[in-house]
There are 2 protein chains.
Amino acid sequence: MLRAIKKYKESISYGISLAMLFFLLRWLEIRLLIFEHQFEIYASIIAVLFTILGIWIANKITSPKVKTIIVEKEIHRIQHEFVLNENNLNLYKISKRELEVLSLIAAGKSNQEIATELYVSISTVKTHIANLFEKLNAKRRTQAIEAAKKLQLLP
Amino acid sequence: MLRAIKKYKESISYGISLAMLFFLLRWLEIRLLIFEHQFEIYASIIAVLFTILGIWIANKITSPKVKTIIVEKEIHRIQHEFVLNENNLNLYKISKRELEVLSLIAAGKSNQEIATELYVSISTVKTHIANLFEKLNAKRRTQAIEAAKKLQLLP
DNA sequence: TAGAAAATCATCCTTAAGTATGACCTTCGA
DNA sequence: TCGAAGGTCATACTTAAGGATGATTTTCTA
């Protein structure tokens, strides 16, 4: 019941407005003595008032045009973890030991430091590095690092 | 003049509608014999018609209601492009030229290649590098690269 | 406009890096 | 079981990298 009232609220108020206006007009007719062009004046008043009512109803009723704005919200990935490209490892025939040396080079270690860390002589390290340069087509360790990063052999 | 007509187009058509309706009603009054509740019927017709007119005018004139719906769309960046950390650049007091040299070192260039590329002598390059090592607390160029990457001075 | 900071160049020296070659040993698959 | 591949080591050499110092010029900025 309440729902029905709510639903037809506009129509009901419209009807009530109409009725009230008639009463008002009748009352005016009795009270004031409008004889000449009586009808035209009433009609004009009704016309104007109901036009205003129409506008008001229109504003109330009309469904708003929906404008959808898509806001792109960027989400930064913190870091995406390194995954060794084993394919390139096989392709360039780089051995495990060589990869170890390579990562130590990239870590900024000297040949002597690498030798100490891997418990081998500096000669061995140099040999590994020479082989790496050959395989990675590098002339310097900095070049080797660059190449290795491109081949996803280093993070 | 034409502009004025255009501007008040709505008002003019409204007035014309009003006038036409009166004539129609008068005509109906003469032709058809509506005697009982004559006024109420006329008034109702006028009310309904002008309400419709009001709604029509409202729809024509009033600026459309816009309901803005903001949809946030998440965008995951697969790779986030390098943005130089200028804060660290100032913090470590690394000059533009030094940064240039640094990036060329990271690109695997030799001192001679860097000198050629920057149109300076190898001595200048060495000086820049020496200053860089001091600022980045590095002993080797490979260490300098590592440090620079951590400080977001290099991609 | 003076002075700091940046950029430039040079020279001398030391050391690490890189090159070339040869050799020995182990492991593992054809 | 043989040989290729991987790992080890050494020696000798060349070259590039790095260190220390001093100096000049340019470019900003307080």
Side-chain angles (χ1 to χ4, degrees), chain A residues 84-151 153-154, chain B residues 84-151 153-154:
Chain A
L84 180 71
N85 190 331
E86 297 204 35
N87 197 34
N88 279 337
L89 211 64
N90 295 326
L91 211 68
Y92 288 80
K93 301 196 176 185
I94 291 162
S95 70
K96 264 182 278 179
R97 203 59 161 170
E98 283 165 355
L99 189 65
E100 275 186 278
V101 172
L102 193 56
S103 72
L104 291 170
I105 287 174
K109 303 278 173 75
S110 70
N111 290 348
Q112 185 53 66
E113 285 170 341
I114 294 167
T116 306
E117 201 154 326
L118 297 181
Y119 301 106
V120 294
S121 76
I122 199 168
S123 302
T124 307
V125 174
K126 282 189 175 186
T127 307
H128 284 316
I129 290 172
N131 291 332
L132 276 169
F133 287 178
E134 180 88 6
K135 290 171 183 177
L136 293 172
N137 196 28
K139 287 199 194 304
R140 280 169 287 282
R141 41 179 64 209
T142 49
Q143 260 184 15
I145 293 167
E146 264 289 287
K149 296 208 174 189
K150 279 188 182 169
L151 296 174
L153 305 178
L154 288 177
Chain B
L84 180 71
N85 190 332
E86 298 204 34
N87 197 35
N88 279 337
L89 209 65
N90 295 327
L91 211 69
Y92 288 80
K93 302 197 175 184
I94 291 162
S95 70
K96 265 183 278 179
R97 204 58 162 168
E98 284 166 354
L99 189 64
E100 275 187 276
V101 172
L102 193 55
S103 72
L104 290 171
I105 287 173
K109 303 278 172 73
S110 70
N111 289 349
Q112 186 53 65
E113 285 170 340
I114 294 167
T116 306
E117 200 153 328
L118 298 180
Y119 301 105
V120 293
S121 75
I122 198 166
S123 302
T124 307
V125 174
K126 282 188 177 187
T127 307
H128 283 316
I129 290 172
N131 291 333
L132 277 169
F133 287 178
E134 180 89 7
K135 290 171 183 177
L136 293 172
N137 196 29
K139 287 199 195 304
R140 282 168 285 284
R141 38 179 65 209
T142 49
Q143 260 184 15
I145 293 167
E146 264 291 287
K149 297 209 172 187
K150 278 188 183 169
L151 295 173
L153 305 177
L154 288 177

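Chain naming here is simple, since letters A, B, ... match the order of the sequence lines and numbering starts at 1 in each. Side-chain atoms are counted along with the backbone in the values below, which use heavy atoms only and exclude waters and symmetry mates. None of these values were measured; they are calculated from a predicted model.
Atom CG of L118(B) is separated from atom C1' of dC9(C) by 14 Å (rounded to the nearest Å). In this structure, Q112(B) atom CD and dA17(D) atom C1' are separated by 13 Å, rounded to whole Å. Across the protein-nucleic acid pair, Y119(A) atom OH and dC9(D) atom P stand 14 Å apart, rounded to whole Å. Here the C1' atom of nucleotide dG19(D) and the CD atom of E134(B) are 11 Å apart, to the nearest Å. Straight-line distance from the CD1 atom of I122(B) to the P atom of dC9(C): 12 Å, rounded to whole Å. Rounded to whole Å, the distance from CG on L132(B) to P on dA7(C) is 10 Å. Look at CG on N90(B): it is 14 Å from P on dA5(C), rounded to the nearest Å.
Checking side-chain atoms of N90(B) against main-chain N and O of E86(B) turns up a donor-acceptor pair under 3.5 Å. Without hydrogens or angle criteria, N85(A) side chain to N88(A) main chain gives a donor-acceptor distance under 3.5 Å. Checked by atom type and distance alone, the side chain of Q143(B) pairs as donor or acceptor with a backbone atom of K139(B) at under 3.5 Å. When atom types are taken as modelled, the side chain of N111(A) and the backbone of I122(A) share no donor-acceptor pair closer than 3.5 angstrom. At least one donor-acceptor pair under 3.5 Å links the side chain of R140(A) to the backbone N or O of G108(B).
Nucleic acid contact for T124(A): base, since at least one base atom lies under 4.0 Å from a heavy atom of the residue.
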Please write out the pairs of protein N or O atoms and N or O atoms of nucleotides 18-28 of chain C separated by less than 3.5 Å, giving the distance to one decimal.
unit_1: dG18(C); atom_1: OP1; unit_2: R141(A); atom_2: N; d: 2.8
unit_1: dG18(C); atom_1: OP2; unit_2: R141(A); atom_2: NE; d: 2.8
unit_1: dG18(C); atom_1: OP2; unit_2: R141(A); atom_2: NH2; d: 3.3
unit_1: dG18(C); atom_1: N7; unit_2: K126(A); atom_2: NZ; d: 3.3
unit_1: dG18(C); atom_1: O6; unit_2: K126(A); atom_2: NZ; d: 2.8

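Residues S121(A) and S110(B) each lie close to DNA chain D; by heavy-atom proximity, the contact nearer the 5' end of the strand is made by S121(A).
Here the rule is side-chain hydrogen bond (donor to acceptor under 3.5 Å, both in side chains) with E98(B), and of K135(B), K93(B), H128(B) only K135(B) fits it.
Counting only N and O atoms by type, the side chains of S121(B) and T124(B) include a donor and acceptor under 3.5 Å apart.
Listed in residue order, the members of residues 91-101 of chain B having a heavy atom less than 4.0 Å from DNA chain C are S95(B), K96(B), R97(B).
Minimum interatomic distance between L118(A) and R97(A) (heavy atoms only, all atoms of both residues): O-NH2, 3.1 Å.
Closest contact between the side chain of H128(B) and the listed nucleotides dT11(D), dC9(C), dA7(C) involves dA7(C).
The environment of CZ in F133(B) is crowded: more than 12 heavy-atom neighbours from other residues, nucleotides or ligands sit within 6.0 Å.
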